[in-house]
Enquirer: 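Before anything else, here's the structure in question.
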Amino acid sequence: MMSSLLAVLAAAGLATGATAQAGTATTTVLTGGTIYDGSSPKPLVGDVVLRGDTIVYVGPSRKAPRGAHVVDARGMIVAPGFIDPHTHAGRFLGSTDAQVRLNLAWMMQGVTTIFTGVDGGGTPDVASFFDDLEARGFGLNVAAYVGFSPVRRAVLGDDARAPDDKELNAMKALVAKGMCEGAIGFSTGLFYAPQSFAKTGEVAALAAEAGKRGGIYDTHQRDEATYTIGIAKSVEEALEIGRDGHLPVHFAHIKVLGVDVQGQSGAIIELIDKARASGQVVTADQYPWDASGTSLQASLLPGWAQDGGREPMLARLEDPVTRAKIETEMRENLRRRGGAHALLLTDPGHEWTAMRLDEIAARWTLDPVAAAIRIIRDGDRSGKVVSFNMAEGDIATFMRQPWVVTSSDGSEGHPRMYATFPQKYAHYVKEAEVIDLATFINSSTGRTADMFGLTDRGHLKPGYKADVVVFDPARYRPVATYVQPRELTVGVESLFVNGRAAVLGSQPTGVAAGRAIRRSAPPGTCPG
């Protein structure tokens, strides 16, 4: 709960400003730790020296400069701050509460940089978004996408139709605006209405505007299962958009979702490897959980039933003939998801909170589909749900690929918002031994930075920004669960964001040292 976050801050003395001076030392020495630099396969034991917002030394231990702030890191892992390229952090970034804007959900995992505007959600008003963040202060570095949803809605609303030439040009101008104002690329969520109404050519035309300005195409692809075109054709569509738009393709939260496609990770990897071998730049991120997180509406309602937005959708549910057709398709979608027991309802404050769909259906003496419609129609607008529909073997297979990095897809009602990085470490490094510690760190830091062109972050090297995490390899673990998803991670001893201490002695300091990461477009591609 948010009150628990504030309690942590109060316990750290923030109510009286007791730690206000934390992170103000000109020079900080992290001494004696086991250093993983973000790219090397093996660590070294020694010191990392920070001066201002920059790393100035990484190597064997030596005498600390006079007046330096020394942090004893013996027995600890010292690594670049983790980079999360796919987050839904709006509640934290948009808060009027300075303590909430610290982003403790990510900070206490050891994350120093997050990306937002994913799944097609990013505003084209990127400059205003960044200006507002910088004016109010925030805890972590933030990069942003310009997203397809607000672009399409601004021109076409929620309608299921293609744009004419004038409308397409208006959308292209909005994408160009976002890119020229510092967006890292163009993001889509083609699984979600109204983005799902767009044909491939429309998306490629907009992606090309990002490509002209050095951006990437990031996509929650159209189908991760068998909902519409199937996952293989969906992957091929994304690759086609990248080729036609002349820009790199990045698959968000790559997975094979549902009973129809479990075990097909190898086939999807073959498609991507073939594209990469041909010279196309293709990458992906992944969260280390066997349950996805979305809404009942997105996971069960057919796309055509959402044409025009919520009010037309509700009207269709009231019409007996149309509702019967909707229910038929919802039953098939529920089967794809693994049945009603595979869906855990997570919206806080409702009768159904922390219950499976079959459980609340039994309580209401309703068919599970009817229960889902009741929640969608009469309850919360989204009906957050955790869906247990992925196989461990597929998760591990994707995780081993050298073009896959760690992400949280952190969203409300799912523990991935609070515990993704420790989950990957605790389960896939220590318990299952799917990857080793160096691979975990590299795929959470340097590999991610290099993938997205963050030229001064993600590595422990002199001259790089001083984003550094110090964590206890014995204590670092997730606390959040599917039933209690808002529990802070433990085990991060220190965290530095741009050289300032955001966490010391396992406690947040209240320092908000995050910066906007504004990507510069190539010369001549933007006005002025």
Side-chain angles (χ1 to χ4, degrees), residues 53 81 83-90 92-95 101 103 106 111-154 170-189 206-219 245-250 252 281 283 285 405 407 448-458 464-465 467 497-498 512-528:
D53 68 352
I83 301 171
D84 189 342
H86 193 98
T87 78
H88 298 273
F92 297 90
L93 297 178
S95 177
R101 290 197 306 275
N103 292 4
W106 277 272
V111 174
T112 53
T113 299
I114 62 173
F115 291 14
T116 189
V118 296
D119 292 348
T123 175
D125 295 324
V126 175
S128 295
F129 170 74
F130 280 147
D131 289 346
D132 181 60
L133 283 179
E134 290 178 328
R136 292 182 295 114
F138 49 100
L140 307 179
N141 304 310
V142 180
Y145 287 100
V146 55
F148 188 23
S149 184
V151 166
R152 198 173 205 272
R153 279 195 164 106
M171 288 194 287
K172 290 166 69 173
L174 287 172
V175 175
K177 166 183 162 62
M179 292 301 303
C180 290
E181 291 180 352
I184 202 165
F186 175 60
S187 80
T188 65
L206 300 181
E209 295 300 314
K212 292 174 186 176
R213 295 163 180 85
I216 82 162
Y217 175 60
D218 175 271
T219 183
H246 304 288
L247 76 172
V249 174
H250 183 81
V281 178
T283 56
D285 61 67
V405 297
S407 74
T448 313
D450 296 346
M451 189 177 287
F452 291 97
L454 306 183
T455 56
D456 59 356
R457 299 184 192 275
Y464 275 60
K465 294 301 181 187
D467 295 341
V497 180
N498 296 306
R515 295 177 181 171
I517 299 178
R518 302 177 194 246
R519 194 180 191 283
S520 297
T525 62
C526 292

Enquirer: Is it true that a side-chain atom of Arg136 and a backbone atom of Leu93 form a donor plus acceptor pair closer than 3.5 Å?
Expert: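 The answer is yes, because a donor-acceptor pair under 3.5 Å joins these two groups.
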Enquirer: Which heavy atom in Ala512 sits nearest to a heavy atom in Gly137, and how many Å separate them?
Expert: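 Reported closest heavy-atom pair: CB-C, 4.4 Å.
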Enquirer: Could you pull out the closest heavy-atom pair between Ser187 and Gly121, with the gap in Å?
Expert: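 For Ser187 versus Gly121, the nearest heavy atoms are OG-N, 3.9 Å.
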Enquirer: May I ask you to test the Val111-Leu140 pair for a side-chain heavy-atom distance under 4.5 Å?
Expert: yes
Enquirer: Calculate, to the nearest 0.5 Å, the distance between atoms CG and CG belonging to Asp285 and Asp84 respectively.
Expert: 8.0 Å
Enquirer: Within a strict 4.5 Å, meaning less than it, do heavy atoms of the Thr448 and Arg457 side chains meet?
Expert: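 With C-beta onward as the side chain, the pair stays apart.
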Enquirer: Taking atom CZ of Phe138 and atom CZ of Phe130, what is their separation to the nearest 0.5 Å?
Expert: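 Output value for this atom pair is 8.0 Å.
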Enquirer: Any sub-3.5 Å donor-acceptor pair from Thr525's side-chain atoms to Arg213's backbone N or O?
Expert: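 No: the side chain of Thr525 does not pair with the backbone of Arg213.
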Enquirer: Between atom CZ of Arg519 and atom CE of Met179, what is the distance when rounded to the nearest 0.5 Å?
Expert: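 Taking CZ in Arg519 and CE in Met179, the distance rounds to 6.0 Å.
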Enquirer: Looking at side-chain heavy atoms only, is the closest gap between Val142 and Thr116 below 4.5 Å?
Expert: yes
Enquirer: Measure across Ile184 and Ala143 and return the closest heavy-atom pair with its distance rounded to 0.1 Å.
Expert: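 For Ile184 versus Ala143, the nearest heavy atoms are CD1-CB, 4.3 Å.
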Enquirer: To check you understand the geometry: which heavy-atom pair defines the closest contact between Leu174 and Ala154, and what is its length?
Expert: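 Result for this residue pair: CD1-CB, 4.0 Å.
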Enquirer: With distance as the sole criterion, is a donor-acceptor pair present between the side chains of Thr113 and Asn141 under 3.5 Å?
Expert: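 Thr113 vs Asn141: donor-acceptor pair found between side chains.
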Enquirer: Could you tell me whether the side chain of Leu206 reaches within less than 4.5 Å of the side chain of Lys172, counting heavy atoms only?
Expert: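 Side-chain contact under 4.5 Å: yes.
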Enquirer: Could you tell me the separation between the OH atom of Tyr217 and the CG atom of Leu247, rounded to the nearest 0.5 Å?
Expert: 9.0 Å
Enquirer: Measure the OG1-CZ distance between Thr219 and Phe186 for me, rounded to the nearest 0.5 Å.
Expert: 9.0 Å
Enquirer: Could you give the distance from OG1 (Thr283) to NE2 (His250), rounded to the nearest 0.5 Å?
Expert: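 If we round to the nearest 0.5 Å, Thr283:OG1 and His250:NE2 are 5.0 Å apart.
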Enquirer: What pair of heavy atoms forms the shortest contact from Val118 to His88, and how long is it?
Expert: CG2-CE1, 3.6 Å
Enquirer: Flag the pair Asp218 / Phe115 as yes when at least one side-chain heavy-atom distance between them is below 4.5 Å, and no otherwise.
Expert: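 The answer is no; the side chains never approach within 4.5 Å.
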Enquirer: List the atom of Gly182, the atom of Val126, and the distance in Å for their closest heavy-atom pair.
Expert: C-CG1, 4.0 Å
Enquirer: Would you say Phe452 and Ile216 make side-chain contact, with heavy atoms under 4.5 Å?
Expert: yes
Enquirer: Closer than 3.5 angstrom, by distance alone: can the side chain of Asp467 be matched with the main-chain N or O of Gly81 as a donor-acceptor pair?
Expert: no
Enquirer: Just wondering, do Leu133 and Arg515 contact through their side chains at under 4.5 Å, heavy atoms?
Expert: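 Heavy-atom side-chain distance check fails, nothing below 4.5 Å.
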Enquirer: Decide yes or no for Asp119 and His86: does some side-chain heavy atom of the first lie under 4.5 Å from some side-chain heavy atom of the second?
Expert: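 When only atoms from C-beta onward are counted, His86 and Asp119 do touch, with a gap below 4.5 Å.
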